[in-house]
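Presented below is the structure to which this report refers.
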Amino acid sequence: MSNEPDLTKLNIVFNGQKTPPLKINQLFDSRRFNHFTAITGHVEADFVNQYLSKFIQAEVVIGAQENARGKSAEEVVTKVALTDALLAVANKKPAKLFEALSSSNQANILNGLFQFEYAPVQAIYSRFYLLSNPDTGDTRVILGSIDLDQASFDDQHNQYSEILIFDNDKRLFNNLMDHFKHDIKPVLRPYFSDNLLQAAQKQLDESAKDKSGGSNVVILDNDTTNAIAAADMTDIISHDVQQQMDTDIIPHDTTISMRNVTMDRSQVKEAIERDTKQHDTVYTLQKTSVSPRAAKPKIKSREKIYEQVKEALVSGMSPQQRSAEKKYTTFLYDRPMERNLVNNNSGLYVPNDAGTHPIPFGKLATISQIRESLKSIDDVMKGYQKYVIDYSDDYGKRFYEAILYCFTAPFLWEIRTKASLNPEDGNDVPNFLIFGATAGSGKSTLLRIINQLTWNTDRSLIDFGTIYPEETAQKKNKTVEAIEHYMKEGSSYPVLLDEIEPYFFQQDQYSRHLVVDTMNELINHPQAVAPLIGTTNYDSGFTMLRETARRTYYLQIDKVIDDRLKGEANRYIYNVRQTLNNTLFKDFVMRMANLLEDDNTAWRMFDQKTGRLDFLANTRKIFKSYYEMAGIEIPPYFADTICDDFKESSRNTWAKLYLTQEDDFKYRKEDDSLLFDISKLNTLNGFTADSIEEYRNALPIELCVDGINGKRGKFVEIKAPDFFKWIGEHNPYEEDEQTHEDNSGQAAEEPKKKGFWARLFG
């Protein structure tokens with residue numbers, strides 16, 4: 001007697017009635033129906049040979065097998081459909097399927113009676129089967145979670161499937177057939193390409209000529225299938241993708257997505273590696289949960305399994321890794337769906353003191369509280385004004401911008417979605433704020449002040465260099481992994497990171513991985529990922545890769561506190577910090593939540609001078625309203641727009657280089673360009689070891705002849721007119737259009753004034 005449970009795993013419903021299991025040949029009844037149209041996820045040659053051979057005509061679409069949830073529209077094209085199509089061809093799946101078909105079915109395909117198709121740039125998850133007989137008018141629609149393989153119909157296969165059958169439901173049949181012809185058919189391409197069919201036909205023709213006895217079956221050799229795979233992959237990219245862009249089936253900017261398809265590859269690799277480790281851990285847990293040597297294995301006791309599970313959850317993590325994970329302890333969760341302004345709920349939540357449940361965060365302040373908070377911020381700014389050498393109001397805007405950014409930080413991911421018309425626009429709302437600062441500029445103090453103004457503590461800072469001990473193997477990689485972990489805990493409160501070491505920005509594998517890949521992920525999949533606010537030492541060796549700078553808000557704090565007044569400055573700022581709290585921040589989140597809920601709020605506001613999106617524009621409006629409510633004049637250090645310090649720093653870097661090394665810039669008249677030997681920026685000539693990359697990264701691509709190629713190699717080639725305009729200096733190579741003095745005695749035009757850097761350096 002069988003011990004198998006009496007469970008219905010293949011549930012068949014025929015015209016609304018549950019039906020005993022049907023045989024496959026009853027379901028796909030080729031005696032009653034002679035036309036077959038299908039969209040399926042998987043096809044087996046044996047299944048086709050056994051059950052579909054007797055249809056007069058068959059059209060089978062092989063769709064996607066896995067779900068693309070979590071993918072953006074562009075990624076579905078490039079990382080799902082196109083990737084799967086290229087992999088299928090590269091692995092010779094079409095050729096293998098064709099060879100495994102019976103000779104009669106191969107002939108049906110060559111004669112055009114059977115068609116197998118797929119969509120190289122669209123993910124098709126439809127599953128339906130349409131059977132018909134034009135002579136009798138009979139129709140059948142089959143819907144369900146089945147494919148054209150034996151496993152779909154094996155009730156011992158430990159999978160549950162549904163099959164819904166509708167006979168002679170003409171409305172349903174016509175609806176699906178119209179959908180197939182008008183919506184799906186235009187994106188399809190033959191699964192068996194012309195290259196494959198021509199090779200098959202050629203072999204059959206040669207076999208027919210063989211007087212010693214040929215064969216009707218096609219079996220292609222390795223060299224032939226290799227050539228077919230190469231030709232088909234080429235055709236998919238050069239023809240199929242282009243043709244579907246030309247017919248507006250996919251966006252015309254798909255080529256940009258194709259070019260950027262590897263940008264977050266490091267994260268994908270890590271996800272695959274992590275998935276493999278997790279599978280290994282779970283496999284091991286399954287194995288060890290059963291008695292190892294018993295003739296009839298039994299599952300171990302609950303207590304033993306619990307201990308094994310606890311051990312498995314921490315396996316692969318060293319004590320250092322567990323310690324590093326605990327360094328980030330500040331959690332602020334943004335849940336827009338829970339936002340309820342009527343009940344004073346901003347949508348932000350924090351853990352309660354016991355850490356047992358979340359509680360709403362945010363509370364409107366009184367006018368007097370707002371006034372006191374603005375006075376505290378002003379006291380902070382007066383400290384920098386009083387003790388920083390060469391302080392100016394324009395310089396002070398950097399400190400105020402940092403405060404505005406941190407106040408906005410929990411909502412940046414929401415603002416990004418509202419301000420972006422195109423995915424790449426998301427880079428204009430950076431998730432990274434970096435202070436490039438000299439030692440003694442007060443950068444760490446600023447980070448603590450920001451922490452107090454938003455979290456009412458100064459103890460949330462993480463020291464970059466001490467996340468892992470100095471002796472840790474692969475410390476750099478592990479440090480970046482830890483920071484990524486902090487950012488992806490689900491909190492939207494910024495990670496405050498002090499003293500980020502220069503290698504992070506200079507070396508591709510670190511900044512590209514964290515900054516570029518994270519921003520790409522946020523653009524394609526909007527989610528609450530904690531922003532990062534960090535400090536780094538600014539010196540002559542500091543540089544950022546262009547891709548990193550594009551996605552980072554960089555503020556340069558390069559003026560130091562007067563050494564003679566350091567003691568007095570320390571006492572002053574200590575006393576000011578005793579007055580700081582997060583009352584204004586709690587009020588701010590309520591007002592920002594109100595703007596986010598208001599459909600009339602404008603989020604795409606651009607600075608007329610720089611053309612940059614001011615993603616802090618609404619934050620500025622809220623703060624201006626604070627000053628108005630408090631009856632306080634807006635201070636001169638209040639920033640009206642985004643600061644572009646990296647661009648300005650880059651410009652200054654090359655301006656100084658030109659003015660001090662003018663003879664090394666060789667003019668090339670035929671191209672109206674400047675050639676500069678960048679290898680001269682070495683330690684022998686007084687530069688730092690990183691200077692070559694620093695200057696290369698600081699030079700905008702648009703100034704280079706041939707774009708990026710103009711920046712590569714030993715010689716940098718720069719467009720002369722654009723370069724001199726950029727650094728703000730007169731172009732000595734332009735045509736002299738000055739009108740000469742004529743006989744009337746008219747005075748000659750005064751010579752042009754020298755630029756700022758020429759005056760500075762004489």
Side-chain angles (χ1 to χ4, degrees), residues 380-381 383-385 387-406 428 430-450 464 494 496-506 511 515 531-562 607 609-610 612 614-616 636-657 688 690-691 693-700 726-728 756-757 760:
V380 169
M381 297 304 300
Y384 287 109
Q385 183 179 5
Y387 298 109
V388 169
I389 297 175
D390 295 331
Y391 174 91
S392 66
D393 288 329
D394 183 67
Y395 179 70
K397 291 178 180 179
R398 275 74 183 155
F399 296 91
Y400 206 87
E401 276 291 276
I403 294 171
L404 297 185
Y405 182 97
C406 195
D428 295 329
N431 217 50
F432 297 83
L433 170 64
I434 300 298
F435 307 140
T438 54
S441 60
K443 62 183 185 302
S444 297
T445 301
L446 175 59
L447 213 56
R448 293 188 184 280
I449 288 170
I450 285 173
F464 182 91
L496 303 177
L497 207 58
D498 201 19
E499 301 288 355
I500 302 174
E501 295 177 24
Y503 76 79
F504 173 80
F505 301 100
Q506 295 167 356
S511 62
V515 179
L532 185 149
I533 300 178
T535 70
T536 189
N537 280 327
Y538 173 84
D539 54 37
S540 59
F542 175 77
T543 183
M544 270 197 287
L545 296 169
R546 182 178 176 86
E547 295 88 344
T548 304
R550 167 78 174 86
R551 296 161 174 82
T552 302
Y553 192 17
Y554 176 78
L555 298 175
Q556 190 160 304
I557 304 175
D558 55 359
K559 301 181 188 297
V560 298
I561 295 172
D562 194 331
D607 179 66
K609 183 178 178 182
T610 65
R612 289 189 61 176
D614 186 0
F615 63 95
L616 298 177
Y637 50 72
F638 186 94
D640 289 319
T641 188
I642 296 293
C643 302
D644 202 350
D645 283 353
F646 186 77
K647 186 175 181 180
E648 185 62 20
S649 173
S650 300
R651 187 183 74 83
N652 292 348
T653 297
W654 274 90
K656 292 175 184 178
L657 181 67
T688 66
D690 299 318
S691 289
E693 288 310 307
E694 175 195 352
Y695 281 87
R696 206 189 297 274
N697 288 333
L699 184 64
W726 180 54
I727 65 173
F756 170 75
W757 289 107
L760 184 64

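When reading the values below, keep in mind they use all heavy atoms of this one structure, side chains included, and skip hydrogens, waters and symmetry mates. Note that the numbering runs from 1 along the sequence shown for the chain. For clarity, every value in this text was computed on a predicted model and none was experimentally measured.
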ask   = Do the ring planes of Tyr405 and Phe615 sit parallel (below 30°), tilted (30 to 60°) or perpendicular (above 60°)?
value = perpendicular
inquiry  = How long is the straight-line distance from CZ of Phe464 back to CD of Glu501, given to the nearest 0.5 Å?
reply    = 5.5 Å
query = Closest approach of Gly534 and Ile500, non-hydrogen atoms and distance?
reply = CA-CD1, 3.9 Å
ask   = Got a salt bridge between Arg551 and Asp428, using NZ or NE/NH1/NH2 to carboxylate O under 4.0 Å?
value = no
query = Relative to the ring of Trp654, is the ring of Tyr695 parallel (under 30°), tilted (30 to 60°) or perpendicular (over 60°)?
reply = perpendicular
request  = Side-chain contact test, heavy atoms from C-beta onward, threshold under 4.5 Å: evaluate it for Ser650 versus Trp726 and give yes or no.
outcome  = yes
key: side-chain hydrogen bond (donor to acceptor under 3.5 Å, both in side chains) against Thr548, all qualifying residues, sequence neighbours excluded   = Ser511
Distance (rounded to the nearest 0.5 Å) between Leu532 CG and Leu433 CG = 9.0 Å
task = Go through the steps for Glu401 and Ile642 under the test side-chain contact (heavy atoms from CB on, under 4.5 Å), then give the verdict.
result = CA-CA 8 Å; Glu401 276 291 276; Ile642 296 293; 4.1 Å; yes
request  = Could you grab the distance from atom OG1 of Thr438 to atom NZ of Lys443, nearest 0.5 Å is fine?
outcome  = 7.0 Å
task = Report yes if some heavy atom in the side chain of Leu497 is under 4.5 Å from a heavy atom in the side chain of Phe504; otherwise report no.
result = no
query = Looking only at heavy atoms, which two atoms of Asp393 and Pro636 are closest? And how far apart?
reply = OD2-CB, 3.3 Å
query = Do the side chains of Cys643 and Tyr554 get nearer than 4.5 Å, heavy atoms only?
reply = no
request  = Measure the shortest side-chain to side-chain distance between Ile449 and Phe399 over non-hydrogen atoms and say whether it is less than 4.5 angstrom.
outcome  = no
request  = Can you see which heavy atom on Asp645 is nearest to which on Gln556, and at what distance?
outcome  = OD2-N, 2.8 Å
inquiry  = Can you list everything that forms a side-chain hydrogen bond (donor to acceptor under 3.5 Å, both in side chains) with Ser392? Sequence neighbours excluded, please.
reply    = none
ask   = So how far is it from Leu555 CG to Phe435 CZ, rounded to the nearest 0.5 Å?
value = 6.0 Å
inquiry  = Taking Ser444's backbone N and O only, do any of them form a donor-acceptor pair with Asp498's side chain (distance below 3.5 Å, no angle check)?
reply    = no
request  = Could you tell me the separation between the CE atom of Met381 and the OH atom of Tyr391, rounded to the nearest 0.5 Å?
outcome  = 4.0 Å
key: Rounded distance [0.5 Å steps], CG in Leu446 versus OH in Tyr384   = 4.5 Å
query = How far apart are the C-alpha atoms of Ile557 and Tyr395, what are their side-chain angles, what is the distance that settles it, and do they pass the side-chain contact (heavy atoms from CB on, under 4.5 Å) test?
reply = CA-CA 8 Å; Ile557 304 175; Tyr395 179 70; 3.0 Å; yes
key: Ile450 versus Cys406, closest heavy-atom pair with distance   = CG2-SG, 3.0 Å
message = So that I can tick it off, tell me whether Arg696 and Glu693 are bridged by a salt bridge, with the cut-off set at under 4.0 angstrom between side-chain N and carboxylate O.
response = yes
